[in-house]
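So that the names make sense, note that chain A is the first sequence line, chain B the second, and so on, each numbered from 1. None of these values were measured; they are calculated from a predicted model.
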There are 2 protein chains.
Amino acid sequence: MIQYNRDNMAELLRAHDINPTHQRIEIAYALFSRQEHLSADQVMAIVNGRHAETSKATVYNTLNLFLEKGLIREVIVDPSKVFYDPNTGPHHHLYEVDSGRLTDIKADDIRIEGLPDLPQGVETVGIDLIVRVKRTA
Amino acid sequence: MIQYNRDNMAELLRAHDINPTHQRIEIAYALFSRQEHLSADQVMAIVNGRHAETSKATVYNTLNLFLEKGLIREVIVDPSKVFYDPNTGPHHHLYEVDSGRLTDIKADDIRIEGLPDLPQGVETVGIDLIVRVKRTA
DNA sequence: CTAGGATTTGGACTCTGTCTAACTATCGGA
DNA sequence: TCCGATAGTTAGACAGAGTCCAAATCCTAG
């Protein structure tokens with residue numbers, strides 16, 4: 001397990017063709033050091049924990065940049081906000097609808113069989129499998 | 001294949017313990033006669049096609065009521081809006097990211113194997129499988 | 001040191017969806 | 001028939017996520 005630090009982050013960004021600025025490093029660090037699914041406003045809160053340092057616009061710009069560059073992944077499970085996932089490897093998600101907690105499911109053992117052929121002129125971008133659960137009463 | 005009409009709809013609503021009002025019948029009819037995935041504002045546009053008849057608040061109230069009563073299903077694939085699906089049977093979804101088109105995939109032949117055990121004290125609400133595709137350049 | 005491109009910023013703005021308080025429709029009973 | 005109670009609808013204000021823009025700031029090469 002790698003220890004994440006700011007220097008790591010700068011390298012990681014460069015490797016993905018992203019100019020590593022202060023703000024971008026902080027945002028990357030927030031996501032990767034925790035290995036959690038964070039929403040944009042959670043990222044905001046973390047990055048600006050002590051003093052206000054990064055604007056809302058930059059948080060959104062940066063997250064979208066990371067997305068484009070394939071550094072992180074977007075998880076759409078909640079109609080009210082998007083989660084960002086630093087884990088881009090193949091895996092699936094477990095969503096607790098009452099608490100909003102989102103956790104990974106390893107893809108290792110999961111097989112999805114019998115998917116029909118795709119329509120013409122179309123290629124797969126991704127397959128999202130989301131298991132929605134709630135606490136039993 | 002059943003022909004859907006307003007009388008059908010009234011029965012359908014009653015069967016789901018929903019008082020069939022004008023507005024509710026129109027909204028149900030919009031969804032079921034098309035058998036398509038519609039967003040709230042698309043429902044608005046259809047229902048108010050000729051003359052304004054139904055307010056935004058009623059459209060949202062009604063769609064949420066239908067959801068609670070299990071008459072329709074919610075499909076969360078696009079961060080900017082929710083789709084409503086009149087098909088509540090088991091099936092999955094194909095989402096064209098560039099056009100926003102959302103279509104069904106029959107669940108008949110699909111097997112999902114190897115899902116890990118759920119955490120304690122939790123029960124499955126639903127499993128959503130979304131295949132995201134884009135047009136090949 | 002300086003010019004120029006890249007980045008960041010605050011704030012206005014848009015859009016989806018919710019809330020509220022007033023209004024309307026409906027229905028059962030006297 | 002009239003009445004009140006309850007359910008449903010409405011306009012418009014509001015909330016929160018996310019985008020946009022023009023101005024300010026930050027690098028970096030020269």
Which of these nucleotides, dG8(D), dG17(C), dA17(D), is closest to any side-chain atom of Asn19(B)? dG8(D)
Can you find a side chain N or O atom of Gln23(A) that sits less than 4.0 Å from OP1 or OP2 on dC26(D)? no
For a side chain to side chain contact (heavy atoms under 4.5 Å, CB included) check, start with the C-alpha distance between Asp128(A) and Val77(B), then their side-chain angles and the critical distance, and finish with the verdict. CA-CA 10 Å; Asp128(A) 295 357; Val77(B) 284; over 6 Å; no
Grab the CZ-P distance between Arg24(B) and dT10(D) for me, whole Å please. 11 Å
Residue met sooner reading DNA chain D from 5', once Ala57(B) and Pro79(B) are mapped to nucleotides: Ala57(B)
If you check every side-chain atom of Lys81(B), which of dT9(D), dT9(C), dG17(C) has the closest atom? dG17(C)
Worked verdict on Arg135(A) versus Glu96(A) for salt bridge (Lys or Arg N to Asp or Glu O under 4.0 Å): CA-CA 8 Å; Arg135(A) 251 166 231 304; Glu96(A) 278 180 40; 3.0 Å; yes
Using atom CG of Asp41(A) as one end and atom P of dA15(D) as the other, report the distance to the nearest whole Å. 17 Å
Counting only side-chain heavy atoms from C-beta out, which of dT9(D), dT19(D), dT7(C) sits nearest to Thr21(A)? dT7(C)
Applying a 4.0 Å non-hydrogen cut-off, can you work out what Asp78(B) is touching in the nucleic acid: base, sugar-phosphate, or nothing? nothing
Separation of atom OH in Tyr60(B) from atom P in dC15(C), rounded to whole Å: 12 Å
Please compare Lys56(A) and Thr62(A) by the position of their nearest nucleotide in DNA chain C and report the one closer to 5'. Thr62(A)
OP1 or OP2 of dT9(C) less than 4.0 angstrom from a side-chain nitrogen or oxygen of Ser55(A), does that happen here? yes
Rounded to whole Å, CZ of Phe83(A) lies from C1' of dG18(D) at a distance of 15 Å
d(CG, Asn61(A); P, dT9(C)) in whole Å: 10 Å
His93(A) and Asp85(A): side chain donor to acceptor below 3.5 Å: yes
How long is the line joining CD of Glu68(B) and C1' of dG8(D), in whole Å? 15 Å
In whole angstrom, what separates Ile25(A)'s CD1 from dC26(D)'s C1'? 14 Å
Should Asn87(A) and His37(A) be marked as a side chain to side chain donor-acceptor pair (under 3.5 Å) after you check the CA-CA gap, both sets of side-chain angles, and the distance that decides it? CA-CA 9 Å; Asn87(A) 177 356; His37(A) 307 83; over 6 Å; no
Using atom CD1 of Ile76(B) as one end and atom P of dT16(C) as the other, report the distance to the nearest whole Å. 16 Å
Donor-acceptor check, side chain of Arg73(A) to backbone of Gly89(A), threshold 3.5 angstrom: yes or no? yes
Would you say dT16(C) has OP1 or OP2 under 4.0 Å from some side-chain N or O of Ser80(B)? no
